[in-house]
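Note that ligands are numbered from 1 as they come in the structure, with each ligand's atoms numbered from 1 the same way. All of these numbers come straight from a predicted model, not from anything done at the bench. The figures here come from the full heavy-atom set of this structure, side chains too, leaving out hydrogens, waters and symmetry mates.
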Amino acid sequence: MQHLLFSALALSASAHAYGSGSAGWDSAYSRATAALHKLNQTEKVGIVTGVTWTGGPCVGNTYAPSSIDYPSLCLQDSPLGIRFANPVTAFPAGINAGATWDRSLLYARGAAMGAEAKGLGVHVQLGPVAGPLGKNPNGGRNWEGFSVDPYLSGVAMEETIQGMQDSGVQACAKHWLGNEQEHNRDTISSNIGDRAAHELYVWPFMNAVKANVASVMCSYNKVNETWACESDAILNELMKKELGFPGYVVSDWNAQHSTVNSALVGLDMTMPGSDFNSPPGSIFWGSNLAKAVADGSVPQSRLDNMVTRILAAWYLLGQDQGYPEVSFSSWNGGKATVDVTGDHASVVRTVARDSIVLLKNAGDALPLRRPKSLAIIGEDAAVNPDGPNACSDRSCNNGTLAMGWGSGTAQFPYLVAPLDAIQVQAKKDGTKIIQSTTDSTSDAASAAAAAETAVVFINSDAGEGYITVEGNAGDRNNLDPWHNGNELVKSVAAVNKHVIVVVHSVGPVTLETILALPSVKAIVWAGLPGQESGNALVDVLYGTISPSGKLPYTIAKAAGDYGTTWNNAQVDDFTEGLFIDYRHFDQNGITPRYEFGYGLSYTKFDYTGIAVDVHARAGPSTGKVIPGGPADLFNSVGTISTTVRNTGKVAGAEVAQLYIGLPNSAPSTPPKQLRGFQKLRLEPKQSSRAVFELTRRDISYWDVTTQKWVVPTGKFSIYVGSSSRDIRQHGSFTVGGSWGN
Ligand code: NOJ
């Protein structure tokens, strides 16, 4: 009886979703349903079951049925390129894509990655990432995602997924849900309050589902004491019913823990099938699922629903029409029979360049103007002498850092290091380069003493917890630069008065030691830029383009200021609730070093005027569920706009940002939250209007009592500016009525 109830839930969720979803899903579901009827039971089970790790060319593979024309599905990492294959493009990491705050670049990066995936015959590319969101500044995999802010992460998910899927590959939004650290990731319970869950961690997945993402990967951790891939609340109720997700849920690799329960709670595909289970080769689905259906513990309708969802996603993407065969094997060096890289290097360079955040620029130290001599210092300035792919899954931090480590990686086809690109420019300018590409402080000092200006490269790495690098088991042990970077900069600053520091890092690095050195004139954050690292950096260092990246997280003065960190326990109670990153700094009156949304330019921007045209009714969202959530949540409630003018002497791009403070009738809420942004490219003296369109969701909070998104009554505060703390225009609007008062 219980089973029937569960199955009805799962079915009604899917029926609801595809019945009211986009036309694309409707016709994909009709075709999937027709195909389902041709399949026998073994084939159905094969479609939902992986063939074991290394059992096919990809990191995940399913069985191919013979009754319909449907392949062994190839699921392949990663969120920044195609893992275990070559040649492929090594794109900038998600965190850099987020730092561009540029919708069109996010889309272009997604489209280029998707084109490579399709070209190689990959059906499902395992990305993008919105979990971890990054509440712990030292979380090992934060760099795979876009930003610690759910709104920015949500826009980035939506654009990336649209780009990928427009190119024909199925995207997979991961990791659902609450996977915020690497330590104990298989056992820890993320106990997240309902409101924080919705307003922070679920939010970007709503965008993903709204963008018609084909698949979602459930995570290793438990959520509120139940494994994510075994949780009715997280899969059936939240993902499929509340968010109306019409696609399929695939397990992270061995995140499944049962045959029957996982099927009943909404898991649709098991990966990699077996192998890591104990004893090896034991498998939860495959023939065990067939038995469970035969003895009635899993209803036939549930198996049919899994298959229908998987087939529908395949039809939705048009993968039934001449999709390429898989043209590489992950397990024999990955050499592909085709070259899919096209002109994607230009996308890499543009994203890398436009993600660079200029943190400090005293006395206009940058851009460089044909210096007579330049010292280039630090191991991070040059490629690892053993090659950029010397360590599998980038499991070492030798040479310049351009991606983190773990499954979220791809092979570099080449890596242009900062030193390589600076040498090319120096030749044009007649600049003498004095290099010291180790982290030796004495070598650094002698090189720096002999040069007009010194550029010091420091970094900080992190990755997935199955690899430990220099004592960091995935998550970072601290927020300091690696390899004694502070001492390296100090040794240079002691002998040279014009020091520029470049930071390649997975996330925030505390900079207080470096900022205390008066010789340090400029600091540039270049993140994890991918294969065009040096070229992108030179574009900015020499002023071919003004820096236009903005921080996708806060840089604190001290690690303790964040109030959140990974822990080594079996439980994380998420006691910080809604107050992560800038929400926490604002709420507690803590001054950050560089706030969320911050970034300098070589020019200046003025903001004039603010027009507010917002009209909403108070109360709960009532719309029928479409992919993403209740339909009316995504309806426009009006616009806010301002004029931005480039008042400087060079062209530049400004990310105008909109933050909203909810009225007091909403229970305790962060003072302000990002709810809009627009990147404007402006010539000197040029003005343009930044227009932020607000949806109902943008002015709602999650009401735990009614279990609905609610627009509160009262006065909403509007903050428009150049960062979360550099507010240039204030405004407000009022929503009348009695709800919540
Ligand atoms: C585990 C990781 O968490 C996931 O992101 C990845 O896609 C799979 N392994 C497959 O490599």
Side-chain angles (χ1 to χ4, degrees), residues 50-62 73-85 93-95 113 117 122-134 139-146 157 160 164 169-188 190 205 208 213-223 227-229 248-257 267 269-277 328-331 334 392-395 403-411 462-467 473-475 566:
V51 304
T52 82
W53 183 250
T54 72
C58 302
V59 301
N61 311 270
T62 52
L73 218 59
C74 161
L75 295 88
Q76 189 73 357
D77 296 308
S78 78
L80 60 64
I82 308 303
R83 186 184 180 203
F84 293 150
I95 200 70
M113 288 198 303
V122 170
H123 299 97
V124 187
Q125 184 173 356
L126 301 171
V129 170
L133 185 65
R141 299 183 74 181
N142 296 355
W143 57 273
E144 292 187 43
F146 303 100
M157 288 295 280
T160 304
M164 290 169 72
V169 72
Q170 300 183 38
C172 179
K174 67 187 191 181
H175 305 83
W176 175 256
L177 181 75
N179 190 172
E180 291 294 318
Q181 64 173 60
E182 287 301 281
H183 280 76
N184 307 326
R185 72 172 180 183
D186 299 334
T187 48
I188 197 168
S190 295
F205 284 94
V213 72
S215 60
V216 165
M217 185 189 291
C218 53
S219 54
Y220 285 120
N221 56 289
K222 296 174 183 169
V223 183
W227 270 297
C229 294
Y248 59 94
V249 177
V250 58
S251 72
D252 200 341
W253 272 229
N254 286 330
Q256 184 190 21
H257 295 268
L267 184 69
M269 182 188 284
T270 173
M271 277 296 158
S274 64
D275 250 45
F276 307 148
N277 297 331
F328 66 98
S329 166
S330 303
W331 319 118
S392 63
D393 289 339
R394 311 299 77 78
S395 57
M403 64 177 74
W405 75 75
S407 66
T409 54
Q411 249 175 281
E464 201 172 342
Y466 68 92
I467 299 169
D475 304 314
W566 59 265

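- Using 4.0 Å as the threshold, E464 has a heavy atom nearer than that to some atom of ligand 1.
- For M271, no heavy-atom contact with ligand 1 is shorter than 4.0 Å.
- Ring orientation note: the planes of H257 and W227 are close to parallel, at an angle under 30° on the 30°/60° scale.
- Scanning L75, N179, D77 for the heavy atom closest to atom 6 (C) of ligand 1 points to D77.
- For the atom pair Q76 CD and H123 NE2, the distance stands at 12.0 Å (nearest 0.5 Å).
- Considering backbone and side-chain atoms alike, W53 places every N or O at 3.5 Å or more from each N or O of ligand 1.
- Here the heavy atom of the protein found nearest to atom 1 (C) of ligand 1 is D252 OD1, 2.9 Å.
- Close contacts between ligand 1 and S407 involve ligand atoms 2 (C), 4 (C), 5 (O), 6 (C), 11 (O) [criterion: under 4.0 Å to a heavy atom].
- No side-chain N or O of D393 forms a donor-acceptor pair with one of S395 less than 3.5 Å apart.
- In summary, K174 and D77 engage in a salt bridge, as defined by a charged side-chain N under 4.0 Å from a carboxylate O.
- Residue-level proximity to ligand 1 for Q125 is absent, since no heavy atom of it falls below 4.0 angstrom.
- If you take CG on L126 and OG on S215, they are separated by 7.0 Å, rounding to the nearest 0.5 Å.
- Going from atom OH of Y248 over to atom CG of L267 covers 12.0 Å, rounded to the nearest 0.5 Å.
- For H175, the closest heavy-atom approach to ligand 1 falls below 4.0 Å.
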